[in-house]
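Note that these values count all heavy atoms, side chains included, but never hydrogens, waters or copies made by symmetry. Keep in mind it's a predicted model, so treat the numbers as computed, not measured. In what follows, every chain begins at residue 1, and chains take the letters A, B, ... in the order their sequences are listed.
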There are 2 protein chains.
Amino acid sequence: MGKQMTEMLKGTLEGVVLAILALQPAYGYEITARLRERGFEDIAEGTIYAVLVRIEKRGLVDIDKVPSEKGPPRKVYTLNAAGEASLHEFWGSWSALETRIDQLRTEGHE
Amino acid sequence: MGKQMTEMLKGTLEGVVLAILALQPAYGYEITARLRERGFEDIAEGTIYAVLVRIEKRGLVDIDKVPSEKGPPRKVYTLNAAGEASLHEFWGSWSALETRIDQLRTEGHE
DNA sequence: CCCACTACTCAGTGTTACTATCTACTGGTA
DNA sequence: TACCAGTAGATAGTAACACTGAGTAGTGGG
């Protein structure tokens, strides 16, 4: 992936994954696929799993292990109350940053 | 500063500084002040200087050392052609990320 | 029997912003 | 005179993050 985008994803990827889980519970492999559908083409699988380990440690998700007909068992992640709170906080930070940066871009186009 | 915002700034702060310099040439202390005016309240001075060292090493700016009546000499940074190209690339990456994330937020509000 | 797809894990690396501290120049004031 | 606030720049050490590259397993098809 581009180095620029890699750096930009720091701090946003976790929120993005939480947002995906807010739509519906999902397992890692599935989350990767959903992200790709939504334009996050070049995010490495390993990166997603690392994020999932992190949000699990922070207690933002509940976990179910369910068998798969197509491969090894899946770890299905469900956003819990703490996760929803964290997602809400993420949207707040994101909005603030977005506003400031877009204002800066507008200034430059005068 | 909030840990969340700290992480989000990674990858965007450099572009933000380039955008400030695109408005007009400025020196470090001045850039810090301009950022504070624009809502980036809690960015440490030292962080800005680190960014400036970086963009200098990458050849994105030209530098003038000019005396100050109020303190030590100032290092005035002016965006050059490479810097403008880098800023343009930043806006491209930012727009792409913004679009994807905002679309995800919209999906969640259905 | 091998391969592709599914599914998850992990060690090592490079980049980034922060904290805390330091140097140094000017002007005002106790 | 001595001190301090404001101006101006620099840096070493730290923590957090995403990536690369590799590995382990399970399933079904050629």
*Asks:* Does the side chain of A:Thr6 get closer than 4.0 angstrom to OP1 or OP2 of D:dA18 through an N or O atom?
*Replies:* no
*Asks:* Runs of at least three consecutive Watson-Crick or G-U pairs, both distances under 3.5 Å, are what I'm after; which ones involve DNA chain C?
*Replies:* C:1-30 with D:1-30
*Asks:* Taking for each residue the nucleotide of DNA chain C bearing the nearest heavy atom, is the 5' side occupied by A:Gly71 or by B:Asp42?
*Replies:* A:Gly71
*Asks:* Without decimals, in angstroms, what is the distance between A:Glu45 CD and C:dA7 P?
*Replies:* 10 Å
*Asks:* Any base atoms under 4.0 Å from B:Ser68, or only sugar-phosphate, or nothing? Heavy atoms, all strands.
*Replies:* sugar-phosphate
*Asks:* Could you tell me how far apart A:Leu52 (CG) and D:dA18 (C1') are, to the nearest whole angstrom?
*Replies:* 14 Å
*Asks:* Compare the minimum distances between each of C:dC8, D:dA8, D:dA15 and the side chain of B:Tyr27, then state the nucleotide with the smallest one.
*Replies:* D:dA8
*Asks:* Any donor-acceptor pair under 3.5 Å linking the side chain of B:Arg38 with the backbone of B:Arg34?
*Replies:* yes
*Asks:* For a quick test of reading the model, state the closest non-hydrogen atom pair linking B:Ile43 to B:Arg36 and the distance between them.
*Replies:* O-NH1, 3.1 Å
*Asks:* Taking 4.0 Å as the cut-off, does a side-chain nitrogen or oxygen of B:Arg54 come that near to OP1 or OP2 on C:dT15?
*Replies:* no
*Asks:* What's the CE-P distance between B:Met8 and C:dT15, to the nearest Å?
*Replies:* 23 Å
*Asks:* Output all residues satisfying side-chain contact (heavy atoms from CB on, under 4.5 Å) with B:Ala82, sequence neighbours left out; order by chain, then residue number.
*Replies:* B:Leu60, B:Asn80
*Asks:* Please tell me if the side chains of A:Glu14 and A:Arg58 come closer than 4.5 Å, counting only heavy atoms from C-beta onward.
*Replies:* yes
*Asks:* When you measure from the side-chain N and O atoms of B:Tyr49 to the phosphate of D:dA10, is any distance below 4.0 Å, counting only OP1 and OP2?
*Replies:* no
*Asks:* Please work out if A:Glu69 contacts a base, only the sugar-phosphate, or nothing of the nucleic acid, heavy-atom cut-off 4.0 Å.
*Replies:* sugar-phosphate
*Asks:* Assign each of B:Gly28 and B:Lys3 to its nearest nucleotide of DNA chain D by heavy atoms, then name whichever residue's nucleotide is nearer the 5' end.
*Replies:* B:Gly28
*Asks:* Using the side-chain heavy atoms of A:Lys70, tell me which of these nucleotides is nearest: C:dA7, D:dA8, D:dT20.
*Replies:* C:dA7
*Asks:* Does B:Lys75 put a side-chain nitrogen or oxygen below 4.0 Å from OP1 or OP2 of D:dA10?
*Replies:* yes
*Asks:* Counting N and O atoms only, with roles assigned by atom type, does the side chain of B:Arg100 sit under 3.5 Å from a partner on the main chain of A:Gly39, one being a donor and the other an acceptor?
*Replies:* yes
*Asks:* Is the shortest side-chain N/O distance from B:Arg74 to OP1 or OP2 of D:dT7 below 4.0 Å?
*Replies:* no
*Asks:* Please give, in whole Å, the distance from C:dA7 C1' to A:Arg36 CZ?
*Replies:* 14 Å
*Asks:* Taking N and O atoms by type only, does the side chain of A:Lys10 place a donor or acceptor under 3.5 Å from a partner on the base of C:dT15?
*Replies:* yes
*Asks:* Atom CD1 of A:Ile31 to atom P of C:dA7: distance rounded to whole Å?
*Replies:* 12 Å
*Asks:* Would you please name every residue forming a side-chain hydrogen bond (donor to acceptor under 3.5 Å, both in side chains) with B:Ser95, sequence neighbours left out?
*Replies:* A:Arg105
*Asks:* Which heavy atom of A:Met5 sits nearest to which heavy atom of B:Ser93, and what is that distance?
*Replies:* CE-O, 3.5 Å
*Asks:* Answer with base, sugar-phosphate or nothing: what part of the nucleic acid does B:Leu13 contact at a heavy-atom distance below 4.0 Å?
*Replies:* sugar-phosphate
*Asks:* Could you tell me the separation between the CZ atom of B:Arg58 and the P atom of C:dT15, rounded to a whole number of Å?
*Replies:* 8 Å
*Asks:* Please report the closest heavy-atom contact between B:Ala26 and B:Leu21, naming both atoms and the distance.
*Replies:* N-CD2, 3.8 Å
*Asks:* Provide, to the nearest angstrom, the distance between the CD atom belonging to A:Gln4 and the P atom belonging to D:dC17.
*Replies:* 21 Å
*Asks:* So what does B:Gly11 touch, heavy atoms closer than 4.0 Å: a base, only the sugar-phosphate, or nothing?
*Replies:* sugar-phosphate
*Asks:* Rounded to the nearest angstrom, tell me the gap between atom CD in A:Glu7 and atom C1' in C:dT16.
*Replies:* 6 Å
